[in-house]
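When a residue number appears, it is its place in the shown sequence, counting from 1.
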Amino acid sequence: MNRDERDEGRTGVEPSDRGANGTSGDRAIDESREDGLENTPGGGRTPTAEPIEPSVPEEFGLVQVWWGDGKGKTTATLGMGMRAAGHGFRVHLLQFMKGGASSVEAVRGEYNAIAVLPGMSYENLGHYGWHGMADGSDEEKHEAQARAGLERARELVDAADRADLREPLALDGDPEDGVHMLILDEILYAADRGLIGESDVLELIESKPDRLELVLSGSHDRPEFLLDVADLVTNVRKEKHPIDEGQRARSGTEF
């Protein structure tokens, strides 16, 4: 069976009807599908970068949870935020408990990148060190900063509720004017360490507007209290990590 015969079997389009890029006109439609969509979106076309213009997500509004003992929770949510910003959606990152440690420099690479990316912004309410880690940091300050992060998260959710998320938002606008995606990084650590209550996190979810994509990350412990209310739950599991062999955090991968 040659390539055209294989393609014909997948799409129901005659080879002679195909354009030069392997599609039928602009789209290769599978007539057997009730929804009329392509089997392979893009039809073999190579994506290209385009100027970022304010836009509106059509299907935002889910609650995502990223937890686990593996590296990559923050990395994954940052990458998703970058992707959303690339589509012209307004994204904001609020970090809890990300104040750093002796192995981490004051400058984080993601902040430098976000600063020059249209449509994405960040703020950090973390206290130096990690709660419960006997690193010499003040435990009361950890709790105070976590509570401040919770109050800030409430403000941002309320702002999104007041905004018209059916319309494009200014890429350089303040997050107080509304965002399409709100990433609350390490909020699950704050919850499982008792710095904020599980009920506080549930109230945030309950109060969010329908079109706001809310992303929660952090914690090595399974967030049982969120499993019924989250739309997406990802366990980032560790198979092997160089930290177990004494490797310290590295610039460009961990910060």
Side-chain angles (χ1 to χ4, degrees), residues 41-42 45-66 72-100 106-126 148-188 201 204-205 207-218 230-232 234 236 251-255:
R45 295 185 296 274
T46 300
T48 58
E50 299 178 357
I52 299 176
E53 300 291 343
S55 185
V56 181
E58 296 181 0
E59 298 181 295
F60 271 19
L62 302 185
V63 175
Q64 301 189 25
V65 170
W66 294 74
K73 298 179 289 293
T74 296
T75 306
T77 57
L78 283 171
M80 185 168 51
M82 181 194 72
R83 176 177 286 162
H87 283 289
F89 310 150
R90 187 67 178 86
V91 180
H92 189 68
L93 167 72
L94 173 62
Q95 292 192 308
F96 292 67
M97 304 180 65
K98 209 76 170 200
V107 176
R108 291 183 176 271
E110 58 263 39
Y111 297 168
N112 294 342
I114 290 172
V116 296
L117 178 64
M120 193 168 182
S121 54
Y122 76 91
E123 57 189 295
N124 184 327
L125 293 179
L150 175 65
E151 291 305 313
R152 180 59 174 157
R154 287 170 173 162
E155 292 175 0
L156 294 169
V157 169
D158 289 344
D161 192 31
R162 293 191 300 270
D164 187 353
L165 301 184
R166 297 168 298 179
E167 297 293 332
L169 299 172
L171 299 182
D172 60 352
D174 292 330
E176 289 83 357
D177 297 329
V179 296
H180 296 115
M181 176 184 286
L182 177 60
I183 302 171
L184 302 179
D185 186 40
E186 313 295 11
I187 188 174
L188 300 184
V201 181
L204 271 180
I205 294 172
S207 64
K208 87 169 189 68
D210 291 340
R211 290 178 176 269
L212 175 65
E213 191 85 1
L214 187 61
V215 182
L216 315 174
S217 74
D231 300 288
L232 179 153
T234 298
V236 182
S251 173
T253 59
E254 280 73 50
F255 63 90

To the nearest 0.5 Å, tell me how far [X] [atom1] sits from [Y] [atom2].
X: Glu59; Y: Arg211; atom1: CD; atom2: CZ; value: 10.5 Å
X: Phe89; Y: Leu165; atom1: CZ; atom2: CG; value: 12.0 Å
X: Phe60; Y: Asp210; atom1: CZ; atom2: CG; value: 14.5 Å
X: Leu182; Y: Lys208; atom1: CG; atom2: NZ; value: 10.5 Å
X: Leu212; Y: Asp161; atom1: CG; atom2: CG; value: 9.0 Å

Open item on the list: I need the full list of side-chain hydrogen bond (donor to acceptor under 3.5 Å, both in side chains) pairs touching residues 164-180, with sequence neighbours left out, sorted by first then second residue.
Closed with: Arg152-Glu176, Asp164-Arg166

Check whether any side-chain heavy atom of [X] lies under 4.5 Å from a side-chain heavy atom of [Y], and answer yes or no.
X: Leu156; Y: Val179; answer: no
X: Leu204; Y: Leu184; answer: yes
X: Glu213; Y: Asp231; answer: no
X: Glu155; Y: Leu94; answer: no
X: Leu62; Y: Leu232; answer: no

TODO: Report, as yes or no, whether the 6.0 Å neighbourhood of atom CE on Met80 holds more than 12 heavy atoms from other residues, nucleotides or ligands.
DONE: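 More than 12 within 6.0 Å, yes.
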
For [X] against [Y], the heavy-atom pair lying closest together:
X: Pro118; Y: Ala85; value: O-CB, 3.7 Å
X: Leu169; Y: Gly178; value: CD1-O, 3.4 Å
X: Phe96; Y: Leu150; value: CE2-N, 3.4 Å
X: Leu171; Y: Gly88; value: CD2-O, 3.6 Å
X: Ser217; Y: Thr77; value: CB-CG2, 4.3 Å

TODO: Please determine which of Leu93, Asn124, Val215 meets the side chain to side chain contact (heavy atoms under 4.5 Å, CB included) test together with Asp185.
DONE: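 With Asp185 as partner, Leu93, Asn124, Val215 yield a single side chain to side chain contact (heavy atoms under 4.5 Å, CB included), made by Leu93.
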
Open item on the list: Tell me if a side-chain donor or acceptor on Arg90 pairs with a main-chain N or O of Gly119 at a distance below 3.5 Å.
Closed with: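 The answer is yes, because a donor-acceptor pair under 3.5 Å joins these two groups.
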
Task: Steps toward side chain to side chain contact (heavy atoms under 4.5 Å, CB included) verdict (Val91, Leu117) - done: CA-CA 10 Å; Val91 180; Leu117 178 64; over 6 Å; no

Open item on the list: Run the side-chain contact (heavy atoms from CB on, under 4.5 Å) test against Val236 and tell me which residues pass, sequence neighbours left out.
Closed with: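 Result, side-chain contact (heavy atoms from CB on, under 4.5 Å) vs Val236: Trp66, Lys73, Thr234.
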
TODO: Could you verify whether a donor N or O on one side chain and an acceptor N or O on the other, from Gln95 and Glu186, lie under 3.5 Å apart?
DONE: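 There is no such pair between these side chains.
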
- [ ] Would you sort out whether Met181 and Met120 count as a side chain to side chain contact (heavy atoms under 4.5 Å, CB included), showing the intermediate values?
- [x] CA-CA 9 Å; Met181 176 184 286; Met120 193 168 182; over 6 Å; no

Task: With Arg154 via salt bridge (Lys or Arg N to Asp or Glu O under 4.0 Å) - residues at least two apart - done: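 Listed in chain order: Glu151, Asp200, Glu203.
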
